[in-house]
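One structure below.
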Amino acid sequence: MKKVHEINRVTPGVLLSVIEEFDAGKNTYVDEGDVRSSVIGGSAIDFSDRILNVEQKNPPMIPKIGDVVVGYIDMLFGNMISVRILYINEKFSKSGFSAIASTRISNASSNYNSNWRDRSYKGKYIFKVGDIIRGKVYSLLNSSIHLTLDEKDLGVVYTICFSCGHEFTKVPGGLKCNFCGNFEERKVSTDFGKESFTALYDKQFLKL
Ligand SMILES: [Zn+2]
């Protein structure tokens, strides 16, 4: 049976012990012979093997392959977009993860044929900074979160007219402003304009 002694809540950098007494275990590091915590959590000493571990408190939800995320576009670069993640599988995420997605239309996808494809320019999806989009994680290569937007329920879920700031309505090939009639080409999700996403659009400017 393991004999474990639990210590109080610790914060990153806090001195836990010295290396002569205990080995540095999970979520700890050694600095000039001192064993310190690298995370916020609760520390525990296992006396049977003299290892000092820290259990991390509320580790961040890390997106996995197949997860559906919702976030806003914070950058466009070349054929890529950068997406600041706000929801992972419909759970709000404070972790501030960013994901990337290609704006090139994948040849592999043949399950989605509608008007926007015929009208899209040079085989690229069109997006703008501030668009709230839904994507699905398909790769975590090179420590980046890669999203695909190539399904019916993926793409823009909410945005407002860039000319006048009023609401858009989904039309074939993109979005049309209810107020000024401005048309914007977009890859739009099937459930564009749901109430919850209206609230989300406002949130991004509050830096949540
Ligand atoms: Zn407008």
Side-chain angles (χ1 to χ4, degrees), residues 9-12 24-29 37-44 51 53-112 116 123-159 186-208:
R9 186 173 176 276
V10 297
T11 51
K26 196 167 71 174
N27 294 323
T28 65
Y29 65 96
S37 176
S38 57
V39 295
I40 294 174
S43 62
I51 291 180
N53 295 305
V54 176
E55 288 303 324
Q56 190 171 6
K57 193 186 173 194
N58 299 329
M61 260 191 305
I62 298 166
K64 305 179 301 297
I65 290 173
D67 283 355
V68 172
V69 304
V70 170
Y72 62 88
I73 297 178
D74 58 359
M75 225 191 317
L76 307 169
F77 46 101
N79 292 317
M80 305 293 286
I81 55 172
S82 167
V83 180
R84 183 71 180 267
I85 295 175
L86 297 171
Y87 285 89
I88 303 170
N89 295 331
E90 299 186 350
K91 284 196 190 118
F92 186 66
S93 167
K94 279 191 204 164
S95 316
F97 286 114
S98 283
I100 53 174
S102 170
T103 57
R104 286 184 189 281
I105 294 168
S106 156
N107 293 324
S109 75
S110 54
N111 59 340
Y112 187 51
W116 65 264
K124 275 181 68 175
Y125 294 138
I126 307 294
F127 294 102
K128 283 191 175 169
V129 169
D131 287 354
I132 293 176
I133 64 129
R134 182 190 292 118
K136 191 191 269 181
V137 180
Y138 77 91
S139 167
L140 299 170
L141 193 69
N142 298 327
S143 303
S144 295
I145 301 164
H146 299 260
L147 303 179
T148 177
L149 307 167
D150 230 351
E151 289 173 30
K152 277 184 196 174
D153 61 341
L154 305 179
V156 178
V157 290
Y158 190 73
T159 193
R186 285 293 202 291
K187 162 65 168 93
V188 183
S189 164
T190 43
D191 61 353
F192 176 87
K194 262 169 67 176
E195 184 63 30
S196 57
F197 300 125
T198 308
L200 208 57
Y201 190 88
D202 296 333
K203 268 186 195 172
Q204 68 173 298
F205 298 108
L206 302 173
K207 292 183 178 172
L208 267 178

Should [X] and [Y] count as side-chain neighbours, where that means a heavy-atom distance under 4.5 Å?
X: Val156; Y: Ile132; result: no
X: Leu149; Y: Ile81; result: yes
X: Val83; Y: Val69; result: no
X: Lys187; Y: Phe127; result: yes

Atom pair [atom1] ([X]) and [atom2] ([Y]), whose distance is rounded to the nearest 0.5 Å:
X: Phe97; Y: Arg84; atom1: CZ; atom2: CZ; result: 11.0 Å
X: Thr159; Y: Ile133; atom1: OG1; atom2: CD1; result: 11.5 Å
X: Ile51; Y: Lys26; atom1: CD1; atom2: NZ; result: 11.5 Å
X: Thr190; Y: Lys152; atom1: OG1; atom2: NZ; result: 8.0 Å

Taking all heavy atoms of [X] and all of [Y], pick out the closest pair and write down the distance.
X: Ile145; Y: Ser98; answer: CD1-O, 3.8 Å
X: Ile85; Y: Ala99; answer: CD1-CB, 4.0 Å
X: Tyr29; Y: Ser37; answer: CE2-O, 3.3 Å
X: Asp150; Y: Thr148; answer: N-OG1, 3.2 Å
X: Ser189; Y: Asp153; answer: OG-O, 3.1 Å
X: Ser139; Y: Leu141; answer: OG-N, 3.1 Å

*Can you tell me if Ser38 uses its side chain to pair, donor with acceptor, with the backbone of Asn27 under 3.5 Å?*
yes
*Side chain of Ser144, backbone of His146: donor and acceptor closer than 3.5 Å?*
no
*Trace of the side chain to side chain contact (heavy atoms under 4.5 Å, CB included) decision for Val70 with Leu86*: CA-CA 6 Å; Val70 170; Leu86 297 171; 5.6 Å; no
*For atom NZ of Lys128, is the number of surrounding heavy atoms from other residues, nucleotides or ligands below 6.0 Å larger than 12?*
yes
*Between Val129 and Asp74, is a side chain to side chain contact (heavy atoms under 4.5 Å, CB included) present by the stated rule, with each step listed?*
CA-CA 5 Å; Val129 169; Asp74 58 359; 5.6 Å; no
*Please, which pairs that meet salt bridge (charged side-chain N to carboxylate O under 4.0 Å, His left out) have at least one residue in residues 129-139, sequence neighbours excluded?*
Asp131-Arg186, Arg134-Asp191, Lys136-Glu151
_Whether the Asn79 and Ser102 side chains hold a donor-acceptor pair (N or O, under 3.5 Å, no angle test) is what I'd like checked._
no
_Tell me whether the rings of Phe92 and Tyr87 are parallel (<30°), tilted (30 to 60°) or perpendicular (>60°)._
perpendicular
